Amino acid sequence: MTIQTESKIYLNYINGSWVSSSDEQVYASVNPANKNDIVGYLPKSTINELNEAVSSAKKAFKLWRKLSSADRGEYLYKVAAILEKRVDEIAETITREMGKTLPEAKGETIRAINILRYYAGEGLRKIGDLIPSTDQEALMFTTRTPLGVVGIITPWNFPIAIPVWKMAPALVYGNTVVLKPAGETSVTAIKLIECFHEAGFPAGVVNVVTGSGSVIGQGIIDHPDINGITFTGSDTVGKRVGQGAFARGAKYQLEMGGKNPVIVAADADLDLAVDATINGGLRSTGQKCTATSRVIVVSEVYEEFKKKLIKKIKEIKVGNGLEKDTWMGPCASEDQLNTILSYIEKGIKEGATLLYGGQRLDEGALKHGFFVQPTVFENVKPHMTIAQEEIFGPVLALIKVNTLEEAIEVANDVKYGLSASIFTKNIGNMLSFIQDIEAGLVRVNAESAGVELQAPFGGMKQSSSHSREQGQAAIEFFTSIKTVLVRP
Ligand SMILES: NC(=O)C1=CN([C@@H]2O[C@H](COP(=O)(O)OP(=O)(O)OC[C@H]3O[C@@H](n4cnc5c(N)ncnc54)[C@H](OP(=O)(O)O)[C@@H]3O)[C@@H](O)[C@H]2O)C=CC1
Ligand SMILES: O=C(O)CCC(=O)C(=O)O
């Protein structure tokens with residue numbers, strides 16, 4: 001395999017032009033599989049660039065909102081077609097920047113294309129209801145109006161799908177946008193914006209400003225001309241976004257962490273449960289907010305499940321995501337690797353048993369990367385840190401319980417409520433789980449990760465701001481309802 005050495009300087013996109021940071025500072029986007037491979041350099045922007053982007057988005061909003069939603073949808077169809085032509089190149093950039101394997105990166109890029117087409121079609125769907133008025137002569141109905149300028153702050157774990165699932169609905173419903181992508185995956189974001197540029201969007205409708213979270217992200221939170229903020233990322237930053245937006249009366253939407261359980265009942269198809277636990281917990285190196293991290297198994301099948309799970313995990317090949325036989329890539333950054341290793345250490349210190357893995361991998365070809373072994377703990381008690389906090393890495397905590405009731409109780413005993421799965425053949429078990437589990441995504445005999453673009457996505461408790469993204473749910477955030485009464 002040849003390591004690419006491209007290290008181009010990419011630029012911000014503001015008011016339809018490519019511009020650098022006013023103080024000419026840049027930062028590097030590094031390949032987590034090989035820290036000597038610089039994927040590109042990006043502007044470490046100042047608040048001046050953010051202000052320019054917001055003011056051009058504000059100006060562009062006046063005309064953009066006047067286009068028909070079908071016409072706005074046509075622009076999204078164009079972006080989809082352009083992105084489709086660049087699928088392989090952009091997927092490779094994702095793997096180089098973030099580490100997930102090439103098939104996963106390609107799948108994510110195709111998902112982004114499908115999201116663009118889905119929301120392009122939204123331009124032709126209904127946006128209101130006719131409501132009977134008590135006044136015989138009046139016509140009463142609802143319509144929708146865009147928010148204005150929307151600030152979009154995105155993480156590195158889905159570097160193309162998340163920006164697209166926020167930008168596409170924002171744009172089709174008539175908003176203009178300023179995107180601040182994660183530092184780790186800014187090259188992917190710029191390549192995505194190149195597709196918007198090529199599609200011919202009017203200047204100012206789409207803007208991207210790269211730079212640090214504390215300057216550009218915080219600038220979005222505080223900017224008086226940003227009317228709505230949509231965020232995906234950590235619990236800590238999410239709460240900051242929510243508090244800042246609330247304080248100045250801006251609308252906000254937060255998608256944050258998860259501590260997603262899989263419950264394995266006594267009558268489960270164990271092979272299916274093992275495969276789903278591995279795919280849900282370890283794909284993308286466990287760096288999904290929907291990743292399985294707690295595996296709650298009833299005692300009757302615990303030993304057999306554990307044996308099958310470890311046997312399969314031992315077969316996992318860790319390596320550079322660009323290589324064909326790699327199943328699991330590196331952690332997305334050195335910080336992420338260190339966080340994961342510190343959680344593993346905490347698990348051991350608090351008395352859990354390390355059953356498999358737990359080590360950094362830095363021999364041979366993995367020497368310059370941020371690799372860690374897939375890791376499994378047992379004898380995990382529900383109060384332990386590794387059973388409570390989001391690790392965002394390939395670490396599974398096995399928790400043994402006696403009954404299904406106890407399993408659901410343990411599953412709910414965390415501050416998060418994003419996704420949860422059960423493996424069982426019993427309809428009664430399924431129904432109790434569907435009714436009692438505290439999660440926004442409830443899965444039966446299916447892995448906890450992997451959401452469909454046409455369905456609402458979001459969590460309960462502290463996983464989200466109780467709003468939902470994607471599918472038809474997106475209209476609720478990106479528009480306001482107007483209730484109209486017309487008398488002759
Ligand atoms: N729910 C999810 O899908 C995700 C959850 N996480 C969780 O977060 C942990 C840490 O990951 P991390 O990348 O640091 O996540 P962050 O929440 O720090 O980053 C997410 C986005 O917020 C930006 N940001 C950072 N600080 C601020 C700020 N003060 N104001 C506004 N925006 C800001 C980041 O910019 P910049 O990149 O420049 O710092 C990035 O664009 C992970 O271990 C995981 O637990 C992480 C990613 C996704
Ligand atoms: O499971 C998925 O496909 C989506 C996960 C996600 O949104 C995230 O990790 O941020």
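Each ligand, and each atom within it, is numbered from 1 in the order the structure gives. Computed from a predicted structure; not experimentally measured.
Near ligand 1, Ile153, Thr154, Pro155, Trp156, Asn157, Lys180, Pro181, Ala182, Gly183, Glu184, Gly211, Ser212, Gly213, Gly217, Gln218, Ile221, Phe231, Thr232, Gly233, Ser234, Val237, Arg240, Glu255, Met256, Cys289, Gln336, Glu390, Phe392 each place a heavy atom less than 4.0 angstrom from the ligand.
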Does ligand 2 have any N/O atom under 3.5 Å from a protein N/O, and what are those pairs and their distances?
residue: ligand 2; atom: 1 (O); partner: Thr290; partner atom: OG1; Å: 2.5
residue: ligand 2; atom: 1 (O); partner: Gly450; partner atom: N; Å: 2.8
residue: ligand 2; atom: 3 (O); partner: Arg111; partner atom: NH1; Å: 3.0
residue: ligand 2; atom: 3 (O); partner: Arg111; partner atom: NH2; Å: 3.0
residue: ligand 2; atom: 9 (O); partner: Asn157; partner atom: ND2; Å: 2.8
residue: ligand 2; atom: 9 (O); partner: Cys289; partner atom: N; Å: 2.6
residue: ligand 2; atom: 10 (O); partner: Asn157; partner atom: ND2; Å: 3.3

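Phe392 contributes atom CZ, which lies 4.0 Å from atom CG of Asn157 (distance to the nearest 0.5 angstrom). For the atom pair NZ of Lys166 and OH of Tyr119, the computed distance is 11.0 Å after rounding to the nearest 0.5 Å.
Geometrically, Lys191 does not engage Tyr10 in a cation-pi contact defined by less than 6.0 Å to the ring centre and at most 45° from the axis.
Of the N and O atoms on the side chains of Thr230 and Gln253, at least one donor lies less than 3.5 Å from an acceptor on the other residue. No donor-acceptor contact under 3.5 angstrom links the side chains of Thr46 and Asp23, judged on distance only.
Of the possible donor and acceptor atoms, none in the side chain of Lys35 sits under 3.5 Å from a partner among the backbone N and O of Val30.
Shown here for Ala474 and Tyr173, the closest heavy-atom pair between the two residues is C-CE1, 4.2 Å.
The aromatic rings of Tyr13 and Trp18 sit tilted, their planes meeting at an angle between 30° and 60°. Between Phe201 and Phe196, the angle of the ring planes lies from 30° to 60°, which puts this pair in the tilted group.
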